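Only one structure is covered here, and it is reproduced in the block below.
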2 protein chains.
Amino acid sequence: MKTADPELMRAINRLTVVDTIRRFGPIARVEICERTELSPTTVSAITAALLDDALIIPTAVGDLRDEATRGRPRVQLALNPDAAYVVGVRLTPDQITVATTNFRADVLESLTLPVRLDRQPAGVIADLVEDGVRRSVADANLPMSRIAGVCIGLPGIVERDTGICRRGPVFSEANVPLGKSLAERLAVPVTLDVDVNLAALAEHWFGRGRDLDDFLVITIEQSLGLGVIHRGEVFRVPGGLSPDLGDVVITAGDGSLKRLGSVASLSAILADLAREIGGDHAAITGRPDRSVALARDGAEAGYATVAAILARAGRTLGVSIANLIALFAPPRIILTGLGIALGKSLLDPLMQAVRENTPNGMDDVTEIVHEIRGEDMWARGAAAMMLRDLYGAPWNTTGPAMRRLTR
Amino acid sequence: MKTADPELMRAINRLTVVDTIRRFGPIARVEICERTELSPTTVSAITAALLDDALIIPTAVGDLRDEATRGRPRVQLALNPDAAYVVGVRLTPDQITVATTNFRADVLESLTLPVRLDRQPAGVIADLVEDGVRRSVADANLPMSRIAGVCIGLPGIVERDTGICRRGPVFSEANVPLGKSLAERLAVPVTLDVDVNLAALAEHWFGRGRDLDDFLVITIEQSLGLGVIHRGEVFRVPGGLSPDLGDVVITAGDGSLKRLGSVASLSAILADLAREIGGDHAAITGRPDRSVALARDGAEAGYATVAAILARAGRTLGVSIANLIALFAPPRIILTGLGIALGKSLLDPLMQAVRENTPNGMDDVTEIVHEIRGEDMWARGAAAMMLRDLYGAPWNTTGPAMRRLTR
DNA sequence: ATAATTTATTTTCGTCGCGGAATAAATAGG
DNA sequence: CCTATTTATTCCGCGACGAAAATAAATTAT
């Protein structure tokens with residue numbers, strides 16, 4: 001339980017105002033009052049401070065009410081896109097994606113380096129990330145000094161608090177202190193997080209979770225991820241460790257125990273396909289997007305072996321999703337990641353397994369949606385994660401009293 | 001995001017003070033300052049209000065510092081046990097337990113009615129609970145008017161917000177509005193909750209979770225339950241639905257899908273034993289505590305069939321617990337419930353399965369403890385659940401300003 | 001026995017943030 | 001040009017917090 005004082009009070013209200021402006025675009029002060037249930041006085045004071053700090057700007061006085069309304073026109077307020085810039089980075093075993101965004105998490109520049117990271121030592125990967133960040137920032141015509149922070153997302157077991165990647169498909173080593181290492185190289189705050197948390201935040205800010213404050217995000221990528229938004233916040237335990245869906249143990253058809261990730265992750269599916277169909281294994285693992293398209297087309301064209309592999313993965317994943325429904329009872333589950341592009345051959349068995357295994361009486365609780373997202377979505381999530389901290393951070397002025405003195 | 005005002009501020013701080021007094025027994029104001037990091041001014045004001053409302057009382061001025069300390073002695077403050085009374089109820093398929101407690105959740109009177117509830121219609125069960133509550137309150141020499149609330153815990157899928165039991169082993173019907181029905185009968189606020197949430201809160205307040213704000217509680221009873229304490233609060237999704245571990249789907253040895261509850265719950269274990277060993281099935285299901293003792297003794301005396309059944313249940317549960325570690329990464333998992341009395345024949349295979357299936361790199365994250373608890377613990381948890389609301393409720397006075405006027 | 005010292009609690013005072021009410025600003029319509 | 005209307009700001013009072021001073025209630029020293 002935290003102790004409350006006026007400062008905290010202001011911080012809370014300030015954050016709700018900033019978040020309201022972020023979510024509801026250019027918005028007038030009156031409307032902020034309605035949405036936040038704060039008094040006009042408070043909204044006026046807070047927006048004045050935000051304007052002072054140039055975190056928000058007044059936009060066109062265009063009135064969205066039915067034209068020809070009487071009275072003083074509303075001044076629409078919006079986030080100042082240039083208030084700060086951040087960089088979002090996403091690492092997968094196959095590539096590095098870097099995106100520079102403005103204060104609204106609009107992507108200004110993004111680039112993708114196709115590198116097989118799992119073959120490289122941690123030092124080399126840190127070098128590559130550093131280069132990527134500097135390059136992307138330069139492409140956006142910004143000096144590094146204007147970058148307020150960098151957020152890096154990667155799969156595996158990641159301690160956000162310490163910036164250490166305990167284990168994951170990206171690093172061959174264990175306990176890599178990537179956060180600290182990059183903060184030193186770039187001389188900028190760097191946070192580390194599980195990639196799926198970024199996906200979850202991205203869905204909450206820009207995607208299928210905008211209208212909800214509680215949902216689950218499952219990413220089907222080289223590895224399987226689970227992100228939880230609970231009461232509007234990314235769900236974390238204090239240690240900063242994050243759940244990993246791929247680590248869940250299931251019983252295989254032959255009775256042996258396996259990790260879910262070794263059956264239903266994209267890398268497992270593609271490996272199965274390569275083994276069954278033969279084909280060029282290197283080519284398949286090197287270009288997952290192409291392999292996914294091939295697999296989808298194959299299954300839909302009626303190749304039974306391919307369809308069977310996808311169906312098996314779908315069913316297995318579906319059972320685990322039903323278990324998540326039993327445990328979390330979320331109003332919505334968002335499926336995303338490259339794996340979604342495998343199409344109905346994967347998703348139909350998945351949905352059926354979910355239906356069959358959802359506990360009685362909970363059929364109407366959870367809605368399942370899916371969405372294919374590009375690389376930018378992940379990087380944008382990383383940027384959002386960084387911005388979230390920034391919005392809450394203390395800026396120049398404290399309130400109206402101080403401003404009155406300095407003017 | 002909630003909007004903050006002075007009233008909320010006070011409510012928060014007031015609650016932290018009450019909670020500090022509850023947790024750290026008779027405690028002086030100075031020490032409250034240290035623990036809560038509130039200023040002496042604030043603590044003084046809040047405790048004055050609490051004293052005014054008779055929610056707390058000064059106890060012996062005994063100084064626990066090394067005797068012969070100089071200076072003004074500390075006044076120890078404690079919860080006033082008689083500030084209010086609540087009733088906790090727990091329903092299982094076999095019995096109803098009712099406990100009347102004071103403001104400190106000390107059990108004053110408790111009684112257990114052995115009734116096979118699953119044979120009765122909802123109306124009859126509500127009658128029985130009403131009688132039990134009235135009886136227990138009368139036994140404690142209290143009029144019903146002094147009861148501030150009743151909390152009822154039961155297994156199954158329970159909507160706390162609406163007071164409806166969607167489904168569970170207690171009721172043969174679905175969607176029983178037990179909360180509303182009892183609130184009308186008793187003319188007292190009644191809340192409904194999943195029994196395991198009560199167990200979790202009880203562990204947090206009085207048991208193995210006192211020192212932590214994040215942990216999992218798994219109850220092995222007729223059904224399997226999962227309770228989550230997250231950042232000091234019972235974890236709930238907005239709908240008020242609660243997770244049910246028994247509903248998790250697993251793959252059985254023969255490849256078929258089963259609910260975990262149909263393999264590793266106490267009722268499943270006892271049914272397996274009855275089937276395998278023969279014996280008097282009715283007797284075994286009617287007195288679970290006796291059956292558990294018999295099973296434990298049998299397994300430890302070397303009866304291979306019995307040991308095998310327990311080992312299988314233990315392993316299965318262990319795998320699911322490893323999955324919970326993968327998903328929640330809690331610092332501790334507390335196993336409790338009647339099933340713990342099955343002893344090492346169940347727990348050893350369980351712990352081994354947990355060890356074998358915990359994801360790499362997370363072996364040192366979660367500590368597993370177990371504890372046998374009596375019926376009172378559950379009812380006490382129910383009382384605590386009710387008190388939690390009461391502590392936060394607004395009482396007579398608002399603050400020092402008002403008192404100054406009225407005096 | 002009385003004064004000095006020490007520690008706990010309360011009181012005084014200044015500040016901050018909130019909300020309500022009055023005021024100012026900006027526009028449309030007559 | 002004046003009035004009605006809607007939006008935004010300012011003024012004012014209140015409650016809450018914290019710092020510091022004052023007070024209270026002991027123990028120790030003289």
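Bear in mind that the values here come from a model prediction, so they are computed numbers and not experimental data. Proteins get letters first, then strands, A, B, ... in listed order; numbering begins at 1 in each.
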Distance test, side-chain N/O of [X] to OP1/OP2 of [N], below 4.0 Å:
{"X": "B/R10", "N": "D/dC17", "value": "yes"}
{"X": "B/R14", "N": "D/dA16", "value": "no"}
{"X": "A/R70", "N": "D/dT3", "value": "no"}
{"X": "A/S39", "N": "C/dC18", "value": "no"}
{"X": "B/T42", "N": "D/dG18", "value": "yes"}
{"X": "A/T41", "N": "C/dC18", "value": "no"}
{"X": "B/N13", "N": "D/dA16", "value": "no"}
{"X": "B/R74", "N": "C/dA8", "value": "yes"}
{"X": "A/S44", "N": "D/dT9", "value": "yes"}

Side-chain donor-acceptor contacts of residues 27-38 of chain B below 3.5 Å, not counting sequence neighbours, with atom names and distances?
| from | atom 1 | to | atom 2 | distance (Å) |
| --- | --- | --- | --- | --- |
| B/R29 | NE | B/T47 | OG1 | 3.3 |
| B/T36 | OG1 | B/I32 | O | 2.7 |
| B/T36 | OG1 | B/L38 | N | 3.2 |

Just how far, in rounded Å, is [atom2] of [N] from [atom1] of [X]?
{"X": "B/D5", "N": "D/dA16", "atom1": "CG", "atom2": "C1'", "value": "11 Å"}
{"X": "A/E34", "N": "D/dT6", "atom1": "CD", "atom2": "P", "value": "13 Å"}
{"X": "A/I46", "N": "D/dT10", "atom1": "CD1", "atom2": "C1'", "value": "16 Å"}
{"X": "A/L77", "N": "D/dT9", "atom1": "CG", "atom2": "C1'", "value": "14 Å"}
{"X": "B/L15", "N": "D/dA16", "atom1": "CG", "atom2": "C1'", "value": "17 Å"}
{"X": "B/Q76", "N": "C/dA8", "atom1": "CD", "atom2": "P", "value": "11 Å"}
{"X": "A/R29", "N": "D/dT6", "atom1": "CZ", "atom2": "P", "value": "19 Å"}
{"X": "B/L38", "N": "C/dT10", "atom1": "CG", "atom2": "P", "value": "15 Å"}

- Task: Side chain of B/P6 only, please: which of D/dC17, C/dC18, C/dA24 is the nearest?
- Result: C/dC18

- Note on the structure: Comparing B/V43 with A/P40, nearest DNA chain D nucleotide closer to 5' gives the residue A/P40

- Message: The test is side chain to side chain contact (heavy atoms under 4.5 Å, CB included); show your working for A/V234 and A/M385 and say whether it passes.
- Response: CA-CA 10 Å; A/V234 174; A/M385 187 70 79; 4.3 Å; yes

- To the nearest 0.5 Å, tell me how far A/I21 CD1 sits from A/T16 OG1. 9.5 Å

- Query: Do NZ/NE/NH1/NH2 and the carboxylate oxygens of B/D389 and B/R160 come within less than 4.0 Å?
  - Reply: yes

- Message: Main chain of A/L50, side chain of A/R14: is a donor-acceptor contact present, judged purely on distance under 3.5 Å?
- Response: no

